[in-house]
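Since the structure comes first, as structure tokens, the remarks are kept for the end.
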Amino acid sequence: MISLNKENILLLLSQIPDPEIPVITITELGVIRDVLFNADEIEIKITPTYSGCPAMKQMEDDIKSTLKKNGFEKIKLTTVYSPPWTTDWLSAEAKEKLRAYGIAPPEHSTQDKSWLSGKHKTVHCPRCKSSHTKLISQFGSTACKALYQCKDCLEPFDYFKCI
Amino acid sequence: MNKELFKYTLRLADNALVLGQRLSEWTGHGPFLEEDLALTNIALDTFGTATSLLEYASRVEGADRNEDSLAYFRNEREFYNTLLVEQANGDYAKTIVRQVLVDAFNVLLYTELSKSKDETLSGIAQKAIKEVTYHYRHTSSWVIRFGDGTEESNKKAQEALNELWRFTGELFEMDEVEEELIKKGIAVDLKALQPKWEKQIDELLKKAILKKPENSFMQTGGKKGIHTEHLGFLLAEMQTLPRMLPNAKW
Ligand SMILES: [Zn+2]
């Protein structure tokens, strides 16, 4: 049995892939906000990426089954909303994994609000790195993505939106 | 139970739930694939906010109802959404015009609600504001495309605006529920949002070469549970399955 401390629990959780983008883990995604040890249970605080993200339920099930497999029976999952999830929490390493997988990672910090008012930012093609790309659709295959196309290599690609 | 907080949270939740249900009617019927995806995604975000709010309402109530029972086992007169969000989809211009009026309102509403002294409402609002801002960006660009497009698209957007305008006054209506909670720093002062909303809509309509309708008679009642003929049909479709099979799990 693995000893009860936060690092060990986080280590277990860091082996769980994101259900929709399996090249990054749920800890890299930043949805795990805290691990607490209550009287007889482990409490995992999670935050949703998007309010209605259908993958959250899958992540909750994966967290429970992973911990149970490692001998932890009493698990409580609590959803926290504040501070709200942001793509700023994705590490440089996680962003590189997204790019290698064919998803253009978020290009800028959300501290820069100009995109909200419609200012277009350059998004680089994850395949040929060209900056010569165009927005096809503001909404993509999942809540977190928009659809772009590269004007040089002509490949369409998903862009992980900055929020 | 804090009765005002329960009702206030339900009103917020019902606006999101009913609008999400309306938008989801477009799933598989969008004018083209990208717009089908857009409305489905907007519906999904909206349902997410509704779920968080209904879950909180059930905790505030402290009875044996959870978010699902609040969504599926309340009748029409127990829904407190504004009349605007229950209006039928109509054509694509009407859906987009309805949505832009609500999105512009929601950006302002959630910005203020994120400062609420109620931590849960503030947290849900902080989350929602990012999403509704993105929605507004999308729907406002469509309003401009319709208004400043062809004669036909301008006509359809203008007709939708003329038809829906009479439901916009209710967005800013307040009663003792809000007044009580404003004193406690929990609720948003909707009256204070109105000039900001009007300014934003004015600017958008100018860009879209659409005419702002007269502020004449405003329809009201939704916040008190008195609805237009549309809500009953919407609920019938939304609630039929859980009512036929109340303990179904999937
Ligand atoms: Zn390329």
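Just so it is clear: chains get the letters A, B, ... in the order the sequence lines come, proteins before strands, and each one is counted from 1. The model shown is predicted, which means the values in this text are computed figures rather than measured ones.
- Of all heavy-atom pairs spanning A/I136 and B/E34, the tightest one is CG2-OE2, 3.9 Å.
- In this structure, B/K156 places its NZ atom where only 12 or fewer heavy-atom neighbours from other residues, nucleotides or ligands lie under 6.0 Å away.
- Residues A/S82 and B/G123 approach most closely at CB-CA, 4.0 Å, considering heavy atoms.
- A donor-acceptor distance shorter than 3.5 angstrom exists from the side chain of B/K130 to the backbone of A/W85, with no hydrogens or angles considered.
- For the set B/N41, B/D45, B/I124, B/L44, the entry with the most heavy-atom pairs within less than 4.5 Å of chain A is B/N41.
- Taking 4.5 Å as the heavy-atom cut-off, none of the residues of residues 58-65 of chain A approach chain B.
- Dense packing is recorded around NZ of B/K212, with more than 12 heavy atoms of other residues, nucleotides or ligands lying under 6.0 Å away.
- Qualifying side-chain hydrogen bond (donor to acceptor under 3.5 Å, both in side chains) partners for A/Q15, counting only residues two or more places apart in sequence or in other chains: none.
- Sorted by first and then second residue, the side chain to side chain donor-acceptor pair (under 3.5 Å) pairs with a member in residues 94-103 of chain B read B/W26-B/T95, B/N89-B/R98, B/K94-B/E163, B/Q99-B/D103, B/D103-B/T139; sequence neighbours excluded.
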Quiz item: Do B/S52 and A/Y81 pass the side chain to side chain donor-acceptor pair (under 3.5 Å) test, and can you show the C-alpha distance, the side-chain angles, and the key distance before you say yes or no?
Solution: CA-CA 9 Å; B/S52 308; A/Y81 298 103; 3.0 Å; yes
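- When every heavy atom of B/Q126 is checked against every heavy atom of A/P83, the shortest pair comes out as OE1-CA, 4.3 Å.
- In A/K151, the NZ atom is crowded: over 12 heavy atoms of neighbouring residues, nucleotides or ligands sit closer than 6.0 Å.
- Judged by distance alone, the side chain of B/K127 and the main-chain N or O of A/P48 form a donor-acceptor pair under 3.5 Å.
- Scored by the salt bridge (charged side-chain N to carboxylate O under 4.0 Å, His left out) test, B/E112 finds B/K115 as partners (sequence neighbours excluded).
- The number of heavy-atom neighbours closer than 6.0 Å to CD of A/E41, taken from other residues, nucleotides and ligands shown, is above 12.
- Between A/K161 and B/Y134, the shortest heavy-atom distance links the atoms CD-OH, 3.0 Å.
- Of the atoms belonging to B/T51, not a single heavy atom falls under 4.5 Å from chain A.
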Practice problem: In sequence, state the C-alpha distance, the side-chain angles, and the governing distance for B/I42 and A/F139, and then conclude on side chain to side chain contact (heavy atoms under 4.5 Å, CB included). | Solution: CA-CA 9 Å; B/I42 294 174; A/F139 295 85; 3.7 Å; yes
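- Among A/P84, A/S51, A/S137, the residue with the largest count of heavy-atom pairs under 4.5 Å with chain B is A/S51.
- Looking at A/T142, the atoms closer than 4.5 Å to chain B (heavy atoms on both sides) all sit in the backbone: N, CA, C or O.
- The number of heavy atoms from other shown groups lying within 6.0 Å of CG (A/N38) is above 12.
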